[in-house]
A.B. asks: 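Sharing a structure below in structure tokens format, with a few things to ask.
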Amino acid sequence: MSRLLRSEGRLLLVGLSVAGSCEPSWLCASEQLPDFDCLGDPRAQRILEAARGLRASLEQLAREGPGDVFRESLPVLEWKEAVYRDDVLAEECPYALALLRFLRWCQSHVDAHSSDSDRFEIFEVLFQSPYLLTPGEVFPTFVNSRFVKEMWPLVAAIAPLVARKAGPDDELGAQLRCQSTEVNWTDYLERLQSKAPDALVWFDLPGVAAFEELFRRNMPEKFLDCPLGVLVSLLEKLLVMQEFYTEGYGLVAAEIAAAFDGLQQLAHHLGRSTLDLLFLSPWPFWDHLAHLHERGSRRLRYDLDFYPWEILSNPGSPSVRRWLRNRPSQTMRSLLLALEEISSSEAFNQILLCTLLWGGRLAGYLPAALQRMEALGFLHQYLIFCGGEACEVCRGSHRWPSLCVGMQQFALFSKHAMIAAIVNQGFDLLYLDFDTIVMQDPFPRLARDAEMLVSRDFGSECLNTGVIYVKACPSTADFFHRLLLWLWHHPFEFSQKAFAGLLGQEQLAAEPSPLQRRLLAPRAALQAPRWALLDPINEFVTSKVYSTHLPGVHFEGWTGELSQIVVFHFLDGGGVVDPTRSVRGSYKDLFEVFLSNPKLNLSDTTPLYEQDPAVKEELLWSRHEAVPRELLKCRMVNM
């Protein structure tokens, strides 16, 4: 059975239910969001504190020279305590156990009292964890966890001590450099050591294609040619999968799991631990792992503003609704008050509008956005999920401050979590990214026979989730249930690709795992939502930011008449562009054009392009002469 722990008034899931039933029964759905970070587990916090204390001791040791400082460096952890037993932690918080074993290994390198090397193996903990996941889900969730984040400072602090202890003539380090076979491993290592931090080397090596084929046919033999070289090459491949070809992530992760298994067998054969080999080797394993964490953690943190069952289940029964109202999370409590306020208005047309924003930069444009919504008659149904300074501005500017719902976690996962929470309460909604400007009433353009509508790029097959209409019904609740689970277990995934994949528009896994197969199809007795496209040609359109570098081929922009534009999405999520791919060659702040323009009266429903010629010029700059003859495939690179 799963355990629920209370931390600062919040209920947090730890582990998965593997037997028995859930009470109430609808709670079972939430147990598919494992608490990979063990946020409610005091042991996890103590292990993290021990890691920081150990790092401080290592830094002190580096400054003051050798000394027995580790006797006092881990005062909060007694290895013999029952709660820190490996078998207990492996079942309840395996990623914390991986960090704990890393701490033991670090301690053994400066403490005279060394332990058996089995106590230092961390990778077997991962791939035998109780989460019942494949390597394609275990590896990214571990790399994305807060426990891996604490490893990087320790790696940098312990590495000089390990090297000094091994000495300049360490035989193992020399062996791990590898002799050249089908691949020139010496050349590969030299390129790795001289490359930029985010550059990829493996794919430029001579003979790689032939070696890849041999490697796949006879992995054990080829792995022994150069175990760490093979492992690092797989991590390079995984970086490519994570950024450009996510459907192949699981296949490469499975190869990495097999490589770790082979490395552990080799380490045991040599009488060492896997960590010994990783640190004594010249191969930059830790650099690649750090880069994977940095890229993945930008998209998702394993924390929630809602309780899991508030966003994963469809609480339709009266008893469940009463339970939610009596014991909601703080965010749900605020949302319920906002929904009550919205539904009390006689002018409410059964579809609310919502957006998400945080940070001081965007907060400055919020009063203008509210002014625009009031002019169009939608302010009383305009729900804003916000954080920090943006919430302060919202509550000070919105005529109905209760419609400003505070959140703490801000990633694309949060956007879909808030949509799921609203749908589960029975409200239809039109979601708009904050970098949009509503030109005219969008509601007459929504096909009411569809259960979900979403925008698309002008010239490609890629869906654009900057504008989404969702009807509250079992099929859409199930869709967002599965979307949240997918993103939680695949933190590297682009949310728009996951959204499209669950609608059958993109491939999400080359060889789906059991979990992936369950998520790709609706749950029993449910069907996929009836969905359609919002018109991406002339009504729900985007600005022209990036170029395909192909003459006459465009995937952003619009064509048609200015008077037909309903929502203009100006694609300014981060306030920067890549100048090498940008059509303009530099960044232009379109918030200033639409929401901080002294020539515009946003309270006036006169078309904005008639109020200021600069607005018209900007809209026409993104206009194309004709509809594209053929849509580009939705893929960034051709692997």
Side-chain angles (χ1 to χ4, degrees), residues 8-12 26-27 29-30 33 301 303-345 348-358 363 366 369-370 373 378-388 390-434 468-473 476-477 479-481 483-484 487:
E8 299 178 349
R10 306 176 62 199
L11 290 175
L12 301 163
W26 52 269
L27 185 58
S30 70
L33 279 184
R301 287 184 58 195
D303 201 353
L304 291 172
D305 287 290
F306 296 98
Y307 293 150
W309 51 88
E310 293 170 341
I311 56 178
L312 286 186
S313 62
N314 188 5
S317 72
S319 62
V320 170
R321 288 199 296 270
R322 283 195 300 272
W323 199 95
L324 282 177
R325 289 186 181 277
N326 292 333
R327 301 175 180 84
S329 64
Q330 180 60 51
T331 304
M332 177 57 82
R333 184 179 294 113
S334 298
L335 175 59
L336 292 173
L337 290 173
L339 295 176
E340 186 175 353
E341 176 66 52
I342 290 172
S343 59
S344 68
S345 170
F348 179 47
N349 66 358
Q350 303 306 311
I351 304 176
L352 61 82
L353 293 100
C354 63
T355 192
L356 172 70
L357 78 153
W358 64 94
L366 182 55
L370 294 172
M373 286 299 178
F378 304 138
L379 186 61
H380 193 266
Q381 62 201 75
Y382 188 40
L383 182 62
I384 298 172
F385 287 82
C386 52
C391 269
E392 297 178 12
V393 173
C394 185
R395 288 165 184 150
S397 305
H398 206 306
R399 183 173 295 185
W400 291 275
S402 64
L403 272 58
C404 305
V405 178
M407 297 180 73
Q408 299 297 320
Q409 306 304 319
F410 289 98
L412 291 175
F413 183 92
S414 306
K415 163 178 164 177
H416 300 298
M418 76 180 198
I419 292 175
I422 294 170
V423 167
N424 286 346
Q425 291 301 309
F427 283 78
D428 301 347
L429 65 96
L430 178 64
Y431 169 83
L432 301 168
D433 275 355
F434 191 65
I468 312 171
Y469 164 72
V470 186
K471 182 186 292 290
C473 61
T476 56
F479 174 84
F480 282 96
H481 174 106
L483 177 62
L484 292 174
L487 294 174

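The figures that follow rest on heavy atoms only: side chains count, while hydrogens, waters and symmetry mates do not.
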A.B. asks: Starting from the C-alpha separation in whole Å, work towards a yes-or-no answer on side chain to side chain contact (heavy atoms under 4.5 Å, CB included) for Leu335 and Phe385.
C.D. replies: CA-CA 9 Å; Leu335 175 59; Phe385 287 82; 3.8 Å; yes
A.B. asks: Please tell me if the side chains of Phe427 and Ile351 come closer than 4.5 Å, counting only heavy atoms from C-beta onward.
C.D. replies: no
A.B. asks: Determine whether Phe480 and Met418 make a side-chain contact, defined as any pair of heavy atoms from C-beta on separated by less than 4.5 Å.
C.D. replies: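 In short, these two side chains do not touch, never coming nearer than 4.5 Å.
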A.B. asks: For Ser329 and Glu310, what are the C-alpha separation, side-chain angles and deciding distance, and is it a side-chain hydrogen bond (donor to acceptor under 3.5 Å, both in side chains)?
C.D. replies: CA-CA 8 Å; Ser329 64; Glu310 293 170 341; 2.7 Å; yes
A.B. asks: Please give me the minimum heavy-atom distance between Met332 and Ala421, naming the atom from each residue.
C.D. replies: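 Minimum heavy-atom contact is CE-CB, 4.0 Å.
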A.B. asks: Given Trp400 and Leu379, is the side chain to side chain contact (heavy atoms under 4.5 Å, CB included) satisfied, shown in steps?
C.D. replies: CA-CA 8 Å; Trp400 291 275; Leu379 186 61; 4.0 Å; yes
A.B. asks: Enter the distance from Leu33:CG to His481:NE2 here, rounded to the nearest 0.5 Å.
C.D. replies: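 Here the interatomic distance stands at 8.0 Å.
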A.B. asks: Quick one: does Leu430's side chain get under 4.5 Å of Ile468's, heavy atoms only?
C.D. replies: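 Leu430 does not reach Ile468 side chain to side chain.
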A.B. asks: So which of Leu353, Leu370, Leu356, Val405 actually passes side chain to side chain contact (heavy atoms under 4.5 Å, CB included) with Ile384?
C.D. replies: Leu370
A.B. asks: So does Lys471 get a backbone contact from the side chain of Thr476, meaning a donor-acceptor N/O pair under 3.5 Å?
C.D. replies: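 Checked: pair present.
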A.B. asks: Working note: Phe306 + Met407, criterion side chain to side chain contact (heavy atoms under 4.5 Å, CB included); need CA distance, chi angles, decisive distance, verdict.
C.D. replies: CA-CA 9 Å; Phe306 296 98; Met407 297 180 73; 4.3 Å; yes
A.B. asks: Looking at every heavy atom in both Ile311 and Ala420, which two are closest together, and how far apart are they?
C.D. replies: O-CB, 3.4 Å
A.B. asks: Testing the 3.5 Å rule here: is there a donor-acceptor pair between the side chains of Asp428 and Gln350?
C.D. replies: no
A.B. asks: Of all the heavy-atom pairs spanning Leu403 and Glu341, show the shortest one and how long it is.
C.D. replies: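 Scanning both residues completely, I find the closest heavy atoms to be CD1-CG, 3.5 Å.
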A.B. asks: Provide the closest heavy-atom pair for Phe413 versus Leu484 in the form atom of the first, atom of the second, distance.
C.D. replies: CE1-O, 3.3 Å
A.B. asks: Specify the closest pair of heavy atoms between Asn424 and Ala477, including all atoms of both residues, with the distance to one decimal.
C.D. replies: OD1-CB, 3.6 Å
A.B. asks: When you measure from the side chain of Ser343 to the backbone N and O of Glu340, does any donor-acceptor pair fall under 3.5 Å?
C.D. replies: yes
A.B. asks: Identify the two heavy atoms, one from Tyr382 and one from His398, that lie closest to each other, and give their separation to 0.1 Å.
C.D. replies: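 Shortest heavy-atom contact: O-NE2, 3.1 Å.
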A.B. asks: Strictly under 2.5 Å separating the two SG atoms? Check that for Cys404 and Cys386, please.
C.D. replies: no
A.B. asks: Taking the side chain as everything from C-beta on, heavy atoms only, tell me whether Leu352 gets closer than 4.5 Å to Ile422.
C.D. replies: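 In contact.
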A.B. asks: For residues 408-424, which residue pairs qualify under salt bridge (Lys or Arg N to Asp or Glu O under 4.0 Å), counting only residues two or more places apart or in two chains?
C.D. replies: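 Those involving residues 408-424 are Lys415-Asp433.
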A.B. asks: If only atom types and distance count, is the side chain of Thr355 paired as donor or acceptor with the main-chain N or O of Leu432 below 3.5 Å?
C.D. replies: yes
A.B. asks: With sequence neighbours left out, write down each residue that passes side chain to side chain donor-acceptor pair (under 3.5 Å) with Gln408, or none if nothing qualifies.
C.D. replies: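 Here no residue qualifies.
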